[in-house]
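Working notes, structure below.
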Amino acid sequence: MADAVARDLRIPVVRRRVGARALVSRKSMIAFFFALPLILIVLCLVVYPAFYSMHLATLNKSMTKFVGFGNFEFLFKRNTFWMVVEQSVLFAVTAVIFKAVIGFVVAHFVHNIPLKGQRKWRGMLLIPWVIPPAMSTLAWLWLFDPSYSAFNWILNHLGLAGIPWLGNPYWARAGIILVNVWVGSPFFMIMYLAALKSVPEQLHEAAAIDGANWFQKIWYVNLPMMRNIIQITALFSLIVTFANFDIVKILTNGGPVDQTHVFATWAFTLGIWGNDIPLGASVSLFMFPILAVAAGLILRNIRNRGNEA
Amino acid sequence: MAEVALRNIVKTFDRTPAVAGIDLNINDREFVVLVGPSGCGKTTTLRMIAGLEEATSGEIYIGDQLVNDVPPKDRDIAMVFQNYALYPHMTVYENMSFGLRLKKFPKAEIKERVENAARILDITNLLDRRPKQLSGGQRQRVAMGRAIVRNPKVFLFDEPLSNLDAKLRVQMRMEIKKVHQKVTVTTVYVTHDQIEAMTLADRVVVMNGGKIEQIGSPNEVYHRPTTRFVAGFIGSPAMNFLPCRLVEGSNGSAGLSVKLSDKLTFPVPPDRVGRYRPHAGRELLFGLRPEDIIEKRGDLPPGRTAFDAQLDVVEPMGMETMVYFLVDGTEVCGRVNPAVAGKPGETMPLVADLNHMHLIDPKTDQVL
């Protein structure tokens, strides 16, 4: 009897077990399980807040009524909003260009330091990037102080008038960009240095024999060989810089008169300080399409790179 | 077209000498091969001619010009690198024309030169491709094409065939020789492969330990090596070396003979007796190439001596068979006709051709 039952049951049970085991042992399934922790984190900390902020952006100030695109219509009519758009774009693009150029030049200098001393220099040059930006920005805040700072002290000793670094909107913008460049350049430097090291030395020797001078070696050999890294690093940095919060928050807090706000700080000011969370959410959502385009470009680039290899 | 001259060239890296004083004259249109084991300074020498390394001391002349302080681009040389060093982001055409474009040659002339070089190398159909889309042999041709279009005074090759598989290497070796016959330019070629050296060179420069051991035609370095190193390095399988004693008397009266062991003594051919006489009684090193130890057949011409050997290892190679036997504990290799080769453990009658023997002074490592 028991035998008969077992025999009856065996076929479907075995089949089901084989099916489940096959499913679990499929490569894509294993890959999925490995990725699961990250997927959960992204779902909880990225996807859920993103959709939640989309939902928030459609509510009125007291979050009691659905207003559709009302918040956006309100924003489009405000000059401050367009100023923030302009400032964010100006800030991100200028800072990334400076970071890329400085990183490229410094990477070449470091690359040409004899290997013995190179580690030391690499380490020192990475310091601005390694210090938490909130802390280093505080130091910059002191440097920019109009009355007691090092910068104005030097200017005064040279017989020049002190500059209201963070009081004047133009100087404040320049100052924010300067600090961001100071923090971010080492990242470019280390990425470009890695790219430079992967350029075979024999290509430089071949170029030297072909008659290239130092500039032509950089222009015709290094630059094309580093093209992918240059693009990916710049796009990646563009995203991070565009979404920057801490430097602006600490240095100027958007002032004077909102003229240095970027999306993140203005959204914070409106939403948290101004107690209008739906409006803040609407502002922060504007970063999404711009960053999505940048991210799309990065992904396309990585795909192309895969084809080249 | 130019001669190249090196005058007492020394190169040290962090006090380690890589090249320890080299004198070398390379004639116009000559194909010279620098050959030697790894670390013998041959590549460093080539790189100094190219200007990629600075000589610690000594003088380098290309043509009549002292070029020690002339940068590579102004030396009018072209170099083919071991890994080809093609610019991966450029097409074959761009790779080959890069040097000319930098020198601002007119477009029409660039096109003509590249197409001409491509025809010589049979790569006309590859001009639009990128290096990644090429096979090893094709990349090798492009690298040579890049050198040819420059129409330089001197070609420099740095182990250009060592990244190719064995079959392609033989084929490209012949291509290089053909190209040199078409485009006769002074050429310096570095290799560790002594067969490449023998087949390509007008003159072979054998280097060891940063010094030149011997300069000569391929036949000279093969048949008349001047040092133990050259004798052992050139030729494959390598020359047999056996400790011996040069003793007075042989089957004749006034002769000399080489005593290799209690059982094996070879008479020195009469024409060598005068040369070796001053060394009689000394402990020397006896050298004989494997092809001079062959199977016994018919009568013995003068200078040949028969002996029996108990075979240790037998290696059939197809057209010939290598037989190995021990003489006083030292392995000796002979090349015999496969039809008569014995089996391991058997005793086989062999003949040593002493007309090709060498005696080496173990103190100086010079061939006597």
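Here is the naming used below: chain letters follow the sequence lines, and residue numbers restart at 1 for every chain. None of these values were measured; they are calculated from a predicted model.
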Taking atom [atom1] of [X] as the centre, report whether more than 12 heavy atoms of other residues, nucleotides or ligands fall under 6.0 Å from it.
{"X": "A:Met135", "atom1": "CE", "result": "no"}
{"X": "B:Glu54", "atom1": "CD", "result": "no"}
{"X": "B:Lys103", "atom1": "NZ", "result": "yes"}
{"X": "A:Phe288", "atom1": "CZ", "result": "no"}
{"X": "A:Asn112", "atom1": "CG", "result": "yes"}
{"X": "B:Glu112", "atom1": "CD", "result": "no"}
{"X": "A:Phe98", "atom1": "CZ", "result": "no"}
{"X": "B:Phe105", "atom1": "CZ", "result": "yes"}

### Task
Indicate the atoms forming the closest heavy-atom contact of A:Leu203 with B:Pro88, along with that distance.
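For A:Leu203 versus B:Pro88, the nearest heavy atoms are CD1-CD, 3.8 Å.
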### Query
Any idea which heavy atoms bring B:Ala85 and A:Ala206 closest together, and the distance?
O-CB, 3.9 Å
### Task
Decide yes or no for A:Ile209 and B:Leu156: does some side-chain heavy atom of the first lie under 4.5 Å from some side-chain heavy atom of the second?
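SC-SC contact between A:Ile209 and B:Leu156 ruled out.
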Under a 4.5 Å heavy-atom cut-off, does chain A meet the side chain of [X], its backbone, both or neither?
{"X": "B:Asp76", "value": "neither"}
{"X": "B:Ala78", "value": "backbone"}
{"X": "B:Leu52", "value": "side chain"}
{"X": "B:Arg47", "value": "side chain"}

### Query
Counting heavy-atom pairs under 4.5 Å to chain A, which of B:Met79, B:Met90, B:Arg150 comes out on top?
B:Arg150
### Task
Taking heavy atoms only and a threshold strictly under 4.5 Å, list by residue number the residues of residues 213-225 of chain A that touch chain B; give 'none' if the list is empty.
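Within residues 213-225 of chain A, the residues that come under 4.5 Å of chain B (heavy atoms only) are A:Gln216, A:Tyr220, A:Val221, A:Pro224, A:Met225.
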### Test item: B:Arg146 side-chain N/O and A:Asp210 main-chain N/O as donor-acceptor pair under 3.5 Å
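The answer is no, because no donor-acceptor pair under 3.5 Å joins these two groups.
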